[in-house]
Engineer: 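Quick one: this structure, given as structure tokens, is what I'll be asking you about.
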Number of protein chains: 2
Amino acid sequence: MTEKFNLIERCDCNVIHEDIINQVRDKMPQEESLYDLAELFKVFGDSTRIRILWALHEAEMCVCDIAVLLNMTQSAISHQLRVLKQANLVKNRKEGKVVYYSLVDDHVREIFDQGLIHINEK
Amino acid sequence: MTEKFNLIERCDCNVIHEDIINQVRDKMPQEESLYDLAELFKVFGDSTRIRILWALHEAEMCVCDIAVLLNMTQSAISHQLRVLKQANLVKNRKEGKVVYYSLVDDHVREIFDQGLIHINEK
DNA sequence: AAAACACTTGAATAAATGCTCATATAACTA
DNA sequence: TAGTTATATGAGCATTTATTCAAGTGTTTT
């Protein structure tokens with residue numbers, strides 16, 4: 001029997017289920033894709049960022065408006081907007097001193113919706 | 001002017017954009033719903049859990065099979081399966097000593113797909 | 001009954017994360 | 001030019017979190 005995978009530990013199941021394990025292994029996406037996917041969901045996994053995204057789905061807003069809306073400091077909002085921008089979820093435009101943020105596209109809404117479907121089925 | 005919201009700080013924008021801010025505020029979902037949504041995505045925001053979910057989407061598997069597949073300790077997998085179960089994403093059935101885990105439903109796949117759409121557009 | 005097996009669980013630890021505070025930058029205003 | 005405004009950013013801190021290690025539970029085997 002050829003050693004198809006590196007084992008940390010092995011139990012009888014592994015031998016019995018070897019075919020299934022290898023079959024699943026073959027179908028698994030690239031390690032990197034799954035990592036990227038986790039990184040994306042990590043961005044959605046914070047209620048401050050979720051609230052910012054929800055607000056921006058309703059209207060383009062500047063940093064201090066978001067801060068007031070969410071009752072948080074401008075600095076905290078600015079830090080989170082940076083995270084959202086790095087994840088390519090929001091974009092901004094500058095108008096004098098004021099920086100307006102908005103959603104890049106409507107994927108955000110679709111991801112929200114899928115999440116809500118799960119929560120509401122419970 | 002009635003004080004419609006508690007402010008941490010206020011800038012000129014807030015006054016100029018007051019209508020928009022209040023309009024967005026009215027449309028925002030319950031604080032609690034957004035918190036729950038963030039909690040759900042937090043579960044997806046870890047590559048180990050993403051890989052477990054992906055594997056279980058392919059086949060029902062026992063704990064030690066997943067451990068071997070992902071090249072991690074059985075204890076680490078068990079801890080993460082607990083998180084996934086609490087989020088109502090996986091269920092299990094016992095067969096003698098062996099515990100088999102599987103997905104609760106196909107929402108997982110749909111949430112994955114939405115995420116992948118975003119990643120692949122970049 | 002004792003040993004082996006599959007899994008769970010709690011404590012400990014190292015790493016990551018969100019917010020605050022102080023400061024920096026850039027644009028406007030007096 | 002100096003001061004104000006809107007935003008960005010770096011360091012520090014407290015909290016959360018993923019994994020490991022050791023020990024425990026329940027089932028099967030000998």
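The sequence lines fix the lettering, A, B, ..., with proteins before strands; numbering per chain opens at 1. All values below were derived from every heavy atom in this structure, side-chain atoms included, with hydrogens, water molecules and symmetry-related copies excluded.
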Engineer: Regarding B:Cys64 and A:Cys11, I want to know if their SG-SG distance comes in below 2.5 Å, which is how I'm defining a disulfide.
Structural biologist: yes
Engineer: Report the distance from atom CZ of A:Phe41 to atom C1' of D:dA18, rounded to the nearest whole Å.
Structural biologist: 19 Å
Engineer: Base, sugar-phosphate, or nothing for A:Lys42, non-hydrogen atoms under 4.0 angstrom?
Structural biologist: sugar-phosphate
Engineer: Is A:Ser102 close to A:Val90 at the side-chain level, that is, under 4.5 Å between some pair of heavy atoms?
Structural biologist: no
Engineer: Does D:dT19 have its OP1 or OP2 closer than 4.0 Å to a side-chain nitrogen or oxygen of B:Thr48?
Structural biologist: yes
Engineer: So how far is it from A:Leu34 CG to B:Ser47 OG, rounded to the nearest 0.5 Å?
Structural biologist: 8.0 Å
Engineer: Tell me the interatomic distance from A:Arg93, atom CZ, to D:dA6, atom P, rounded to whole angstroms.
Structural biologist: 16 Å
Engineer: Roughly, in whole Å, what's the span from CZ in B:Phe44 to P in D:dT17?
Structural biologist: 16 Å
Engineer: How about B:Arg82: does its CZ atom have over 12 heavy atoms from other parts shown lying under 6.0 Å from it?
Structural biologist: no
Engineer: Whole Å only: how far is the CD1 atom of A:Ile66 from the C1' atom of D:dT7?
Structural biologist: 12 Å
Engineer: List the steps, then state whether side chain to side chain contact (heavy atoms under 4.5 Å, CB included) holds for B:Met61 with B:Leu69.
Structural biologist: CA-CA 10 Å; B:Met61 294 180 88; B:Leu69 176 67; 4.0 Å; yes
Engineer: Extract from the structure each pairing of a protein N or O with an N or O of nucleotides 8-14 of chain C at less than 3.5 Å, listing the distance.
Structural biologist:
unit_1, atom_1, unit_2, atom_2, d
C:dT8, OP1, B:Tyr101, OH, 2.6
C:dT8, OP2, B:Ser78, OG, 2.7
C:dT9, O4, B:Ser75, OG, 2.8
C:dG10, O6, B:His79, NE2, 2.8

Engineer: With the side chain of A:Val98 defined as its heavy atoms from C-beta on, choose the nearest nucleotide among D:dA18, C:dC19, D:dA6.
Structural biologist: D:dA6
Engineer: Look at the side chain of B:Arg49 and the backbone N and O of B:Lys42, then say whether any donor-acceptor pair between them is shorter than 3.5 Å.
Structural biologist: yes
Engineer: Quick one: are A:Ile20 and B:Asp65 in side-chain contact, heavy atoms under 4.5 Å?
Structural biologist: no
Engineer: Is the centre of the B:His17 ring less than 6.0 Å from the centre of the A:Tyr100 ring?
Structural biologist: yes
Engineer: Let me have a per-nucleotide readout for nucleotides 24-30 of chain D, 5' to 3', with B, S or -, counting only protein heavy atoms under 4.0 Å.
Structural biologist: --SBS--
Engineer: Would a distance-only check, ignoring hydrogens and angles, find a side-chain to backbone donor-acceptor pair under 3.5 Å from A:His57 to A:Ile52?
Structural biologist: no
Engineer: Just how far, in rounded Å, is C1' of D:dT5 from CG of B:Asp12?
Structural biologist: 7 Å
